[in-house]
Amino acid sequence: MTELAGAPAGEPKATFSDLVKQAFIDPIRSVLIIDDQYPTWEQIFSDEGYDASDRNRWAPKSKILKVVTQFRKMSPALTVDIHDGRHNEEIGSYLHQSDLLVLDYQLEKNEPHGIRATEIIADLLKNNHFNLVMIHTAIGDLVDPFNTVLMSLLTPLSISDARAEEGQELIGALEDSGNERFVNVLEDLENALSATAYIALQRHVLNGGKPVEFLKSSVELARYRAIADEAGWNVNDRLRVMDWGMSLHNKKVASHEASPRDLRWSVPGNRRKAWIRTNGGFIAFADKKNTELLKILQAAIEDWRPSPSRLMSSRIRAEISKQGAGAEDSALSDKHAYWQYYQELRGAPLDASPLARKNRRKTLLESHTARHTERLLDLIGKKAVEFGLKVLETDPSEANPKTAGFSRHYAINTSVKAERDKARSHYNAHISTKQLSGWHLHPGHIFRTDQEMWVCLSPSCDLVPMQKTSVAVRDSSAASVKPFVAVRLTEKATYSGSEVNSNTLIFLKEGDAIKTYTVYPRGGEFGSPVWRLFMAADYGKFEIGEDRTAELNLSYLSGKGQKMQVVQIKARLFGQLRYEYALNLIQKLGVEFTRIGLDFSAPTE
């Protein structure tokens, strides 16, 4: 038996299944079952009581007990609660307090089923937890429940009404052709252009494919192609009728008004596991004949193949939940440090305005939250590190570097150089920049003026409002401005490895793209950075908006003819360098200011 590197002799090597169990299943502490055929505690203990013999009202007691027992026999035993799924004000609080939701798909007495279930899922995904959901259904075929739930989470495809109408006209002409074969063609087409086909088209488009490719090759449209062949439609006609059929499903999707989500899924059938993964949770599906719900959930998560980063993040979250109180008590044990911190919070800034006071406190609290979180992670970090090592040692590439291993779980095509370069750029931006924070200018704040981009590189102590009012501009406080030095950024479409290692580049996420900038317009470390002395109005104070940007009014000196004039401009702060990366650029600018001119003679260029 293979042993873990560094593990005690005889300890078996972990499997991917072990990692999933430890990261997602073991941390479950509470379960909420929503099923109108399960009695709630209120019904059991109320005067109404619970009559288990009423098979029309309740599921058999043995089946209910089997489901509940699997959770209660866990160690530690899970807390189990039951709700009947009816519309009431209490269900919201139920949804926000459970680690696992077991949701009956057929909460309605009559068809159509799944309406209430999709509403509950929509409410659940509004919270900020990563929710685990098990759809439990008495419908033997999981296809319909899966399609209904997934379509409630999708956003509509781009299909014009005109195209759909043209397709409908083609169908009408076929029905009126007098050919008996096409008497019921409308029903045949609706069956051929099914919800399953619509979902397959959604995935095809999501992966960058074109509808015409899907029309020609998808397995889900085999029946439709056969009908189109008999009808004698050309490719354009087939696309129009396909658009008509898909528009029917599009209307159902649009009715849910779902927000755009990062969605992945696996459709049921052919021994495939049925699951849906959103950026707010994971949804698995099970037939009510199968009551081993935790096993089904784990198998579905394994089929999803969560990335090593998600495994480790989930485990860290579990450790915080498990050891949080003890770790917090230990982190807060230095009462002298925390007393002094509270005095800092209560202290007044040099600018005594109410807004400045509030924003200063917000910044101190942000800083304290980051340090306190770091201290908590230090205290629980040992377990998290152990799990991280286990993930690395379990990776198949550990034994054979030629295999992709867990890296393939990130769904990145690393055989393409552009994808590898993209990953490296995203990593560089992740480690060097962060969202805009603070309430006044700091070194590393990045702002845009018209078409130019700049980074603030004045030292922190020079940027505090009402402090050092004689720096750069005499009596700057009289004009309520804060002078500061900024360096202009020049975008670089390409760069070399040596330029990255020279620490002269800035990797900045703008939208979904990473753009690269340098402080040296000529590249490398040649030439001089373009720097400017700006003056920020209101001492450089700002308010961060909902979009995580802030406006700033600036001015600077500019020559015009034989005179100097003050130019006023508007700037927008939209990002910032992490402190050590800002200090690196301040140091490089300092070298620029202290350079020594020597008397060498250089050839002309």
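Predicted model only: the values in this text are computed from it and were never measured.
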Salt bridge (Lys or Arg N to Asp or Glu O under 4.0 Å) between Lys570 and Glu551, worked out: CA-CA 7 Å; Lys570 287 188 177 294; Glu551 289 186 353; 5.1 Å; no

Check against side-chain contact (heavy atoms from CB on, under 4.5 Å), Leu103 and Ile33: CA-CA 6 Å; Leu103 178 60; Ile33 301 173; over 6 Å; no

Val149 and Phe285: CA distance, side-chain angles, deciding distance, side-chain contact (heavy atoms from CB on, under 4.5 Å) verdict: CA-CA 10 Å; Val149 173; Phe285 296 78; 4.1 Å; yes

Steps toward side-chain contact (heavy atoms from CB on, under 4.5 Å) verdict (Leu239, Val235): CA-CA 6 Å; Leu239 282 171; Val235 172; 4.2 Å; yes

Residue pair Glu510, Arg448: steps toward the salt bridge (Lys or Arg N to Asp or Glu O under 4.0 Å) verdict: CA-CA 12 Å; Glu510 298 182 50; Arg448 183 180 280 111; 3.0 Å; yes

Working for side-chain contact (heavy atoms from CB on, under 4.5 Å), residues Tyr517 and Thr490: CA-CA 5 Å; Tyr517 299 89; Thr490 302; over 6 Å; no

Test log, rule salt bridge (Lys or Arg N to Asp or Glu O under 4.0 Å), inputs Arg424 and Asp421: CA-CA 5 Å; Arg424 190 176 296 110; Asp421 292 342; 3.2 Å; yes

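By the 30° and 60° cut-offs, the orientation of the rings of Phe406 relative to Phe16 is tilted.
Take Lys515 and apply the salt bridge (charged side-chain N to carboxylate O under 4.0 Å, His left out) test, not counting sequence neighbours, and it matches no residue. Residues passing the side-chain hydrogen bond (donor to acceptor under 3.5 Å, both in side chains) test with Asp395, sequence neighbours excluded: Ser397. Partners of Tyr50 by ring pair (Phe, Tyr, Trp, His ring centres under 6.0 Å), not counting sequence neighbours, listed by chain and number: Trp58. For Phe542, the ring pair (Phe, Tyr, Trp, His ring centres under 6.0 Å) test picks out His445, with sequence neighbours left out. In this view, Phe71 satisfies the ring pair (Phe, Tyr, Trp, His ring centres under 6.0 Å) rule with no residue, not counting sequence neighbours. With sequence neighbours excluded, no residue satisfies side-chain hydrogen bond (donor to acceptor under 3.5 Å, both in side chains) with Thr516.
The closest donor-acceptor contact from the side chain of Arg238 to the backbone of Trp233 lies under 3.5 Å. No donor-acceptor pair under 3.5 Å is formed between the side chain of Gln22 and the backbone N or O of Arg315. Between the Ser313 side chain and the Arg310 main chain, no donor and acceptor come within less than 3.5 Å of each other. Asp18 places a side-chain N or O within donor-acceptor distance of the main-chain N or O of Thr15, the cut-off being under 3.5 Å. Side chain of His136 to main chain of Val102: no donor-acceptor pair is present (N/O by atom type, distance under 3.5 Å, no hydrogens or angles). Without hydrogens or angle criteria, Gln106 side chain to Ala138 main chain gives a donor-acceptor distance under 3.5 Å. In this structure, Asn131 contributes its side chain and Gly280 its backbone to a donor-acceptor pair below 3.5 Å. In terms of modelled atom types and a separation under 3.5 Å, the side chain of Gln70 and the main chain of Leu293 share a donor-acceptor contact. Formation of a donor-acceptor pair under 3.5 Å by the Arg225 side chain with backbone atoms of Ser218 is found in this model. One N or O on the side chain of Gln202 and one on the backbone of Thr155 form a donor-acceptor pair closer than 3.5 Å.
Other residues, nucleotides and ligands contribute more than 12 heavy atoms inside 6.0 Å of the CG atom of Asn234.
Looking at Tyr410 and Ser309, their side chains come closer than 4.5 Å, going by heavy atoms from C-beta outward. Ile506 has its side chain out of reach of Thr518: every pair of non-hydrogen atoms, C-beta onward, lies at least 4.5 Å apart. Side-chain atoms of Leu125 and Leu153, non-hydrogen and from C-beta on, do get closer than 4.5 Å to each other. Counting heavy atoms from C-beta on, the side chains of Ile171 and Trp244 come closer than 4.5 Å. Side-chain contact between Leu554 and Gln568: absent, with no pair of heavy atoms (C-beta onward) separated by less than 4.5 Å. Within the 4.5 Å cutoff, no side-chain heavy atoms of Lys509 are placed close to those of Thr433. Contact annotation: the side chain of Met242 approaches that of Pro211 to within less than 4.5 Å [non-hydrogen atoms, C-beta and beyond].
The two residues Ala550 and Glu543 come nearest to each other via the heavy atoms CB-O, 3.4 Å.
The residues Arg29 and Asp99 are annotated as not salt-bridged, no charged nitrogen and carboxylate oxygen being separated by less than 4.0 angstrom. Using a cut-off of 4.0 Å between Lys/Arg side-chain N and Asp/Glu carboxylate O, Lys109 and Asp36 are scored as salt-bridged. Residues Glu108 and Arg116 are not paired through a salt bridge, judged by the lack of any N-O separation under 4.0 Å between the basic side chain and the carboxylate. Taking a cutoff of 4.0 Å between a charged side-chain nitrogen and a carboxylate oxygen, Asp35 and Lys288 qualify as a salt bridge.
Among residues at least two apart or in separate chains, salt bridge (charged side-chain N to carboxylate O under 4.0 Å, His left out) pairs with a member in residues 164-175 are Glu166-Arg240. Residue pairs that meet the ring-ring contact (aromatic ring centres under 6.0 Å, His included) test with at least one member in residues 170-212, sequence neighbours left out, are Tyr198-His249, His204-Phe214. Each salt bridge (charged side-chain N to carboxylate O under 4.0 Å, His left out) pair with one or both residues in residues 55-64, not counting sequence neighbours, would appear here, but there are none. Pairs engaging residues 185-211 under the salt bridge (charged side-chain N to carboxylate O under 4.0 Å, His left out) rule: Arg181-Asp188 [sequence neighbours left out]. Residue pairs meeting the ring-ring contact (aromatic ring centres under 6.0 Å, His included) criterion with at least one member in residues 411-435, sequence neighbours excluded, do not occur.
Asn147 and Thr196 form a side-chain donor-acceptor contact under 3.5 Å, judged by distance and modelled atom types alone. No side-chain donor-acceptor contact under 3.5 Å links Ser425 and Asn428. Gln298 and Ser17 form a side-chain donor-acceptor contact under 3.5 Å, judged by distance and modelled atom types alone. Side-chain contact of Arg578 with Ser432: a donor-acceptor pair under 3.5 Å is absent, judged by distance alone.
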Side-chain polar contacts of residues 254-267 - donor-acceptor pairs under 3.5 angstrom, sequence neighbours left out - could you list them?
residue, atom, partner, partner atom, Å
Ser255, OG, Lys252, O, 2.5
Ser266, OG, Lys273, O, 2.6

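Taking the ring centre of Phe574 as origin, the terminal cationic atom of Arg548 falls outside the region bounded by 6.0 Å and 45° from the ring axis.
Ring centroids of Tyr105 and Phe146 are separated by 6.0 Å or more, keeping the two rings apart.
Among Leu101, Ile301, Val31, the one residue that satisfies the side-chain contact (heavy atoms from CB on, under 4.5 Å) test with Leu132 is Ile301.
Annotation: the span from Asn250 atom CG to Met151 atom CE amounts to 8.5 Å, rounded to 0.5 Å.
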